[in-house]
Amino acid sequence: MKKTLLAVALSGACAGAAHAQSAVQIYGTIDAGVIKRSGDAVSIGKRSANTLGFKGTEDLGNGLKALFHVEVRYESDTGSNEIGSNGTQRPLFQGQSRVGLQGDFGMLRIGRGLTPFHETIGAFEPFHAIPTPGGFYTDLAVAGYSSQALDPVGYSNNRWSNAIWYNSPLINGFQLNTAIATKENNGGPAIIGRGSAAAPQYPLGAEGSANPFSITATYNNGPAAFMAGYERNAIESKVWSIGASVFATPELKLMATYARQDQDNTRLFNAETRSWVLGANYTMGPGKFLAGYGQKDTDGLDKVKQLSVGYEYSLSKRTYLYLDASRKKGMVPTATNPGTVNQYDIGLNHSF
């Protein structure tokens with residue numbers, strides 16, 4: 001169970017003045033399992049992100065609240081900060097670090113966090129947006145798009161630093177979500193793009209050519225939900241997507257997404273990518289079955305096709321066992337990734 005702590009405003013108490021009501025919540029997840037991936041030895045790893053977070057609000061009166069949210073990401077098998085796919089250690093507050101205000105006007109925040117595009121589309125992905133390669137959230141659901149082109153390689157692809165977020169109030173099931181970020185380079189490598197190795201389009205340390213921005217609209221009222229989203233990153237790659245989900249029965253949820261990415265600004269070839277994913281979740285007693293199939297089609301390249309199935313068995317409201325199997329083929333082979341990858345994992349997830 002998530003634990004709520006009542007924060008005491010000591011300075012206000014010492015001064016003898018009344019202080020605003022505040023609440024701070026500590027939460028987290030820990031996930032560990034055994035993973036086997038094509039070309040790799042059996043390893044101890046994770047299926048979803050391990051988190052330790054702190055979030056809170058302060059009542060400022062007249063319907064206005066101050067809020068904050070910081071979230072650490074870590075590796076359960078080593079205790080280190082979260083590690084990227086290439087071995088890069090990510091920031092301490094990789095999950096997010098934001099502060100803001102909330103009122104009748106909606107919610108306004110500043111700092112680092114998921115972009116509205118990625119945050120929204122995760123609700124329409126059959127593996128509920130966990131960043132496992134066995135799911136679709138980090139690749140096929142977003143047509144291979146990365147929000148963080150000017151961040152170090154190995155950082156996540158779905159967050160912005162130095163950004164401002166606005167979420168409108170929820171009105172009859174509709175909500176608008178937006179964000180805009182600065183052009184700052186956050187330590188990423190040079191991007192050759194349409195240039196050359198000697199004169200890259202975005203040299204090392206260069207700012208972006210445009211302010212990244214993201215916008216989504218969602219509708220959620222009853223058994224059906226819909227989304228539409230658009231995002232542009234700092235090197236002017238663009239992506240748009242639509243998604244829908246419906247509870248066909250109380251036990252069966254069906255979902256689908258379509259996404260298209262345009263990288264014309266930095267690519268002469270293979271610039272357009274289209275993808276789609278169909279998924280389903282079926283709850284039966286304490287268990288839940290997850291399944292999805294999708295394709296990604298980049299101009300001039302083979303189609304990437306992925307089939308994934310999973311099962312979660314709840315031991316309690318906060319703890320579940322999981323088992324997944326996935327096959328992904330059609331990728332461009334590299335030194336570390338074969339063209340076809342089978343992945344299997346089994347593990348345990350606990351939230352607190």
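All values reported here derive from a predicted model rather than from experimental measurement.
Atom CZ of R47 sits about 9.0 Å away from atom CG of L323, to the nearest 0.5 Å. Here Y322 contributes atom OH and T132 contributes atom OG1; the two are 8.0 Å apart, rounded to the nearest 0.5 Å. Note that NZ of K305 is 11.0 Å distant from OG1 of T340, once rounded to the nearest 0.5 Å. Summarising the geometry, atom CD1 belonging to I180 is positioned 8.0 Å from atom CH2 belonging to W160; distances are rounded to the nearest 0.5 Å. Taken to the nearest 0.5 Å, the CG atom of L64 stands 9.0 Å off from the CG atom of D104. Between atom CG of residue N211 and atom CG of residue N162 there is a gap of 11.0 Å, rounded to the nearest 0.5 Å.
Within the 3.5 Å criterion, the main-chain N or O of G134 finds a donor-acceptor partner in the side chain of Q306. Not a single donor-acceptor pair under 3.5 Å links the side chain of K36 to the backbone N or O of V34. Side-chain atoms of R37 do not come within 3.5 Å of backbone N or O of D40 as any donor-acceptor pair. One N or O on the side chain of N233 and one on the backbone of S146 form a donor-acceptor pair closer than 3.5 Å. Between the T51 side chain and the T29 main chain, a donor and an acceptor come within less than 3.5 Å of each other. Not one N or O on the side chain of R112 forms a donor-acceptor pair closer than 3.5 Å with the backbone of R159. When atom types are taken as modelled, the side chain of S314 and the backbone of K317 share no donor-acceptor pair closer than 3.5 angstrom. Under a 3.5 Å cut-off, the side chain of S97 and the backbone N or O of G111 do not form any donor-acceptor pair. A donor-acceptor pair under 3.5 Å links the side-chain atoms of W165 to the main chain of L114, judged by distance alone. With hydrogens and angles disregarded, a donor-acceptor distance shorter than 3.5 Å links the side chain of N265 to the backbone of I235.
In the hydrophobic cluster analysis, where Ile, Leu, Val, Met, Phe, Trp and Tyr join through side-chain heavy atoms closer than 4.5 angstrom, V332 is grouped apart from V341. Cluster membership for F127 and M284, using ILVMFWY side-chain heavy atoms within less than 4.5 angstrom, is not shared. Each of Y282 and V309 belongs to its own hydrophobic cluster when Ile, Leu, Val, Met, Phe, Trp and Tyr are linked at side-chain heavy-atom distances under 4.5 angstrom. There is a path of hydrophobic side-chain contacts, each under 4.5 Å, that joins L315 to Y311. The hydrophobic clustering, which links ILVMFWY residues whose side-chain heavy atoms are closer than 4.5 Å, places L108 and L60 together.
When side chains are defined from C-beta on, V277 does not count as touching E125, because their heavy atoms never get closer than 4.5 Å. Using a 4.5 Å cut-off on side-chain heavy atoms (C-beta onward), P131 and N158 make no contact. Looking only at side-chain heavy atoms (C-beta outward), T273 and Y145 stay at 4.5 Å or farther from each other. In this structure, R194 and L268 have side chains that are in contact, with non-hydrogen atoms separated by less than 4.5 Å. Put simply, the side chain of T216 does not reach to within 4.5 Å of the side chain of E119, judged on heavy atoms. Two residues are said to be in side-chain contact when any heavy atoms from C-beta on lie closer than 4.5 Å; L176 and I215 meet this criterion. Between D299 and R274, the closest side-chain pair of non-hydrogen atoms falls below 4.5 Å. Proximity of Y27 to S351: side-chain heavy atoms (C-beta onward) are nowhere separated by under 4.5 Å.
The list of salt bridge (charged side-chain N to carboxylate O under 4.0 Å, His left out) pairs with a residue in residues 61-75, not counting sequence neighbours, reads K46-E75, E71-R73, R73-E82. Screening residues 184-232 for ring pair (Phe, Tyr, Trp, His ring centres under 6.0 Å), with sequence neighbours left out, gives F174-Y219, F213-Y230.
Of the charged side-chain nitrogens involved, at least one lies within less than 4.0 Å of a carboxylate oxygen, so that K328 and D139 count as a salt-bridged pair.
Proximity of the aromatic rings of F136 and W276 is defined here by a centroid distance below 6.0 angstrom, and this criterion is not met.
In plain terms, the two heavy atoms of H118 and S147 that are nearest each other are NE2-OG, 2.9 Å. Here the closest non-hydrogen pair linking T283 and G285 is CG2-O, 3.8 Å. Nearest heavy atoms, P116 versus N177: CB-O, 3.8 Å. Across all their heavy atoms, D264 and A271 have their closest contact at OD1-CB, 3.1 Å. Taking each heavy atom of L140 and S275 in turn, the nearest pair found is O-OG, 2.6 Å. Counting all heavy atoms, side chain and backbone alike, F352 lies closest to H350 at CB-NE2, 4.2 Å.
Here the options are I121, V142, T120, the test is side-chain contact (heavy atoms from CB on, under 4.5 Å), and the partner is S241; only I121 passes.
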* Passes side-chain contact (heavy atoms from CB on, under 4.5 Å), E272 versus D262? Steps please. -> CA-CA 5 Å; E272 302 289 333; D262 174 5; 3.2 Å; yes

* Applying side-chain contact (heavy atoms from CB on, under 4.5 Å), run through F124 and I242 and close with a yes or a no. => CA-CA 10 Å; F124 298 85; I242 54 175; over 6 Å; no

* To do: Evaluate the criterion side-chain contact (heavy atoms from CB on, under 4.5 Å) for residue pair V239 and E231; output intermediate values, then yes/no.
  => CA-CA 5 Å; V239 65; E231 184 172 304; 4.0 Å; yes

* Apply side-chain contact (heavy atoms from CB on, under 4.5 Å) to the pair M255 and N281, showing each step before the final yes or no. => CA-CA 9 Å; M255 61 207 78; N281 294 161; 3.8 Å; yes

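At a cut-off of 3.5 Å, with distance as the only test, no side-chain donor of N50 or D31 sits close to an acceptor on the other residue. Using modelled atom types and a 3.5 Å distance limit, the side chains of N349 and S48 yield a donor-acceptor pair.
Within a 6.0 Å radius of NZ in K329, other residues, nucleotides and ligands contribute 12 heavy atoms or fewer. Heavy atoms of other residues, nucleotides or ligands lying less than 6.0 angstrom from OH of Y313 number 12 at most.
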